[in-house]
Amino acid sequence: MTRLFIIGNGFDLAHGIPSSYWDFGKYLERVDPTATRLIHEYLSVDENFWSNFEAQLGTFDSDAVIDYAERFLVSYGADDWSDADHHNFEYEIEQIVEGLSTRLRSRFADWVRTLPMPAAGSFNPVQSIDANARFLSFNYTPTLQRLYGVPEPSVIHIHGQSLNIESSIVIGHAWEPGADEQLASQIDEETDVRVAGGYRLIDSYFSDTFKPTWSIIEQNSPFFTSLSDVNEIIVMGHSLSHVDAPYFEEVLKRVDRHHARWTISYHNDSSKERHNFNAFHVAPDLVRFVPLKLL
């Protein structure tokens with residue numbers, strides 16, 4: 001059997017690595033209260049926010065940002081007008097946009113690089129890991145290499161690698177607004193130049209926090225092309241979320257989807273994984289769902 005392992009964050013969590021988005025949220029509260037405040041003010045935060053962190057990045061509340069920044073939009077005829085009033089509206093929007101995009105991504109990358117490897121004997125090894133297989137890892141950590149002796153060239157860290165300081169750490173949502181959904185579509189010759197600049201900054205938030213999945217697939221095309229001989233895929237600790245669906249579609253496009261067998265792990269309840277995997281229309285007799293602890 002030629003095997004491909006697809007590794008998600010549940011794999012690291014099963015080894016006791018504090019790598020959940022909830023853990024990141026606690027880290028962010030400690031190191032950057034301002035970014036934490038911006039999250040609560042301009043993203044849709046509920047009890048499931050950190051469970052769906054990447055998707056929630058797409059809930060940026062443009063109206064709330066504009067409402068806040070408008071208090072800095074001083075009329076050109078105001079008695080107390082100053083040259084700074086040319087820039088204050090855009091500056092305030094820029095601080096919010098930068099805080100929830102570039103700054104937040106930088107904090108996330110810093111946090112990923114602090115994640116510790118578990119001590120020997122502190123976890124139950126996954127028995128079915130085959131060091132001779134190929135690995136598509138959505139994790140940033142060297143868990144496979146450090147704990148299971150998987151050779152470095154056998155692991156594709158599709159969203160970046162924590163040990164490589166030059167590696168770009170990828171995180172983002174999957175919503176890409178159409179041209180008519182962007183605020184720039186509301187700009188015309190009558191629009192205040194300051195408002196136009198603010199609108200473009202808000203539009204830039206969605207592009208800056210969008211996960212460039214298709215670009216990443218293209219950059220890693222040699223790996224995906226090499227999967228034509230794979231006849232067994234084992235998914236460990238991945239929820240099969242919508243934001244990462246294109247990667248699974250690419251795998252299905254490369255393997256023999258009518259014969260390749262799938263094993264999908266789950267933690268306590270397989271309902272979410274079953275629902276998400278159904279979207280790929282793989283024949284049920286080719287798929288089995290197994291608790292990760294039994295793999």
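Numbering starts at 1 and runs along the sequence shown. Quantities reported herein were computed from a predicted structural model and do not represent experimental measurements.
Using modelled atom types, no side-chain atom of Arg103 and backbone atom of Gln95 make a donor-acceptor pair closer than 3.5 Å. Distance alone, capped at 3.5 Å, is enough to place a donor-acceptor pair between the Asp46 side chain and the Asn48 backbone. When atom types are taken as modelled, the side chain of Ser154 and the backbone of Val150 share no donor-acceptor pair closer than 3.5 angstrom. Side chain of Arg146 to backbone of Thr143: no donor-acceptor contact under 3.5 angstrom is found. Side-chain N or O atoms of Thr36 include one that pairs as donor or acceptor with a backbone N or O of Asp32 at under 3.5 Å.
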Determine all donor-acceptor pairs shorter than 3.5 Å in which one atom belongs to a side chain in residues 277-295; sequence neighbours excluded.
from	atom 1	to	atom 2	distance (Å)
Asn278	ND2	Arg274	O	3.2
His281	NE2	Ala279	O	3.4
Arg288	NE	Thr263	OG1	2.9

Side-chain donor-acceptor contacts of residues 23-31 below 3.5 Å, not counting sequence neighbours, with atom names and distances?
from	atom 1	to	atom 2	distance (Å)
Asp23	OD2	Ser19	N	3.4
Asp23	OD2	Ser20	N	3.1
Asp23	OD2	Ser20	OG	2.8

Using residues 231-239 as the side-chain source, report each donor-acceptor pair under 3.5 Å to any protein atom, sequence neighbours left out, with the distance given to one decimal.
from	atom 1	to	atom 2	distance (Å)
Asn231	OD1	Thr2	N	2.9
Glu232	OE1	Arg3	NE	2.9
His238	ND1	Leu240	N	2.8
His238	NE2	Asp244	OD2	3.3

Output, in order, the C-alpha distance, side-chain angles, deciding distance and verdict of side-chain contact (heavy atoms from CB on, under 4.5 Å) for Asp61 and Val65. CA-CA 7 Å; Asp61 191 342; Val65 174; 5.7 Å; no

Set out, in order, the CA-CA distance, both residues' side-chain angles and the distance that settles salt bridge (Lys or Arg N to Asp or Glu O under 4.0 Å) for Arg254 and Asp229, then state yes or no. CA-CA 9 Å; Arg254 301 299 181 174; Asp229 63 337; over 6 Å; no

Using the ring pair (Phe, Tyr, Trp, His ring centres under 6.0 Å) rule, take Phe49 and His40 through it: C-alpha gap first, then chi angles, then the decisive distance, then the call. CA-CA 10 Å; Phe49 176 82; His40 284 272; 7.3 Å; no

Full working for side-chain contact (heavy atoms from CB on, under 4.5 Å) between Val97 and Ser204: CA-CA 8 Å; Val97 167; Ser204 74; 4.0 Å; yes

Verdict with reasoning, Ile7 to Phe138, per side-chain contact (heavy atoms from CB on, under 4.5 Å): CA-CA 6 Å; Ile7 307 296; Phe138 287 83; over 6 Å; no

Passes side-chain contact (heavy atoms from CB on, under 4.5 Å), His15 versus Val126? Steps please. CA-CA 9 Å; His15 289 78; Val126 177; 4.0 Å; yes

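The hydrophobic clustering, which links ILVMFWY residues whose side-chain heavy atoms are closer than 4.5 Å, places Leu43 and Phe108 together. Under a hydrophobic clustering in which Ile, Leu, Val, Met, Phe, Trp and Tyr are joined whenever their side-chain heavy atoms come within less than 4.5 Å, directly or via other members, Met117 and Ile129 fall into different clusters. In the hydrophobic clustering of ILVMFWY residues, with side-chain heavy atoms under 4.5 Å counting as a link, Val170 and Val155 come out apart. Side-chain heavy atoms closer than 4.5 Å link hydrophobic residues (I, L, V, M, F, W, Y) into clusters, and following such links, possibly through other members, connects Leu57 to Ile169. Residues Ile17 and Trp111 share a single hydrophobic cluster, defined by chaining ILVMFWY side chains whose heavy atoms lie under 4.5 Å apart.
Taking both residues in full, the closest heavy atoms of Ser101 and Thr209 are given as CB-CG2, 3.7 Å, listed atom of the first, atom of the second, then distance. Of all non-hydrogen atoms in Thr213 and Val243, the two that sit nearest each other are OG1-O, 3.9 Å. Scanning both residues, Gly149 and Ala131, for their nearest heavy atoms gives O-CB, 4.2 Å. Ser44 and Thr59 get closest at one heavy-atom pair: N-OG1, 3.0 Å. Nearest heavy-atom pair across Phe223 and Leu4 is CZ-CD1, 3.9 Å. In terms of heavy-atom proximity, Leu201 sits nearest to Glu90 at CD1-O, 3.4 Å.
Rounding to the nearest 0.5 Å gives a distance of 5.5 Å between CG of Asp192 and CG of Leu73. From Trp50, atom CH2 reaches atom CH2 of Trp22 across 11.0 Å, with rounding to the nearest 0.5 Å. To the nearest 0.5 Å, atom CD of residue Glu181 and atom CG of residue Asp203 are 10.5 Å apart. Leu183 contributes atom CG, which lies 5.5 Å from atom OG of Ser62 (distance to the nearest 0.5 angstrom). Rounded to the nearest 0.5 angstrom, Asn9 CG and Tyr21 OH are separated by 7.0 Å. The OG1 atom of Thr34 lies 9.0 Å from the CZ atom of Arg107; values are rounded to the nearest 0.5 Å.
Taking 4.0 Å as the cut-off between side-chain N and carboxylate O, Glu249 and Lys253 do not count as a salt-bridged pair.
No more than 12 heavy atoms of other residues, nucleotides or ligands lie within 6.0 Å of OH in Tyr91, so this atom counts as exposed by the packing criterion. Other residues, nucleotides and ligands contribute over 12 non-hydrogen atoms within 6.0 Å of the CG atom of Asp110.
Remark: the Glu98 side chain and the Tyr205 side chain contain no N/O donor-acceptor pair separated by less than 3.5 Å. Under the 3.5 Å distance criterion, with hydrogens and angles disregarded, a donor-acceptor pair is assigned to the side chains of Asp256 and His259. In summary, the side chains of Ser271 and Asp269 do present a donor paired with an acceptor at a separation below 3.5 Å, with no hydrogens or angles considered. Counted by atom type alone, Tyr140 and Gln161 present zero donor-acceptor pairs between their side chains at under 3.5 Å.
Residues Arg200 and Ile187 are in side-chain contact: their nearest non-hydrogen atoms beyond the backbone lie under 4.5 Å apart. The shortest distance between side-chain heavy atoms of Tyr247 and His159 falls below 4.5 Å. Here the side chains of His173 and Lys211 are not in contact, with every heavy-atom distance at 4.5 Å or above. Counting only heavy atoms from C-beta outward, the side chains of Arg113 and Ile165 approach each other to under 4.5 Å. Annotation: side chain of Trp262 is in contact with side chain of Leu252 (closest heavy-atom distance under 4.5 Å). Asp188 places a side-chain heavy atom less than 4.5 Å from the side chain of Thr191.
Taking the six-membered ring where the residue is Trp, Phe11 and Tyr148 present tilted rings, their angle falling between 30° and 60°.
The side chain to side chain contact (heavy atoms under 4.5 Å, CB included) test applied to Arg105 returns Thr102, Ile171, not counting sequence neighbours. Listed by chain and residue number, Phe60, Trp175 satisfy the ring-ring contact (aromatic ring centres under 6.0 Å, His included) test with Phe206 (two or more places apart in sequence, or in another chain). For Arg37, the side chain to side chain donor-acceptor pair (under 3.5 Å) test picks out Glu41, with sequence neighbours left out.
Among Leu163, Leu115, Leu147, the one residue that satisfies the side-chain contact (heavy atoms from CB on, under 4.5 Å) test with Pro142 is Leu163.
When ring centroids are compared, Phe5 and Phe135 come within the 6.0 Å threshold.
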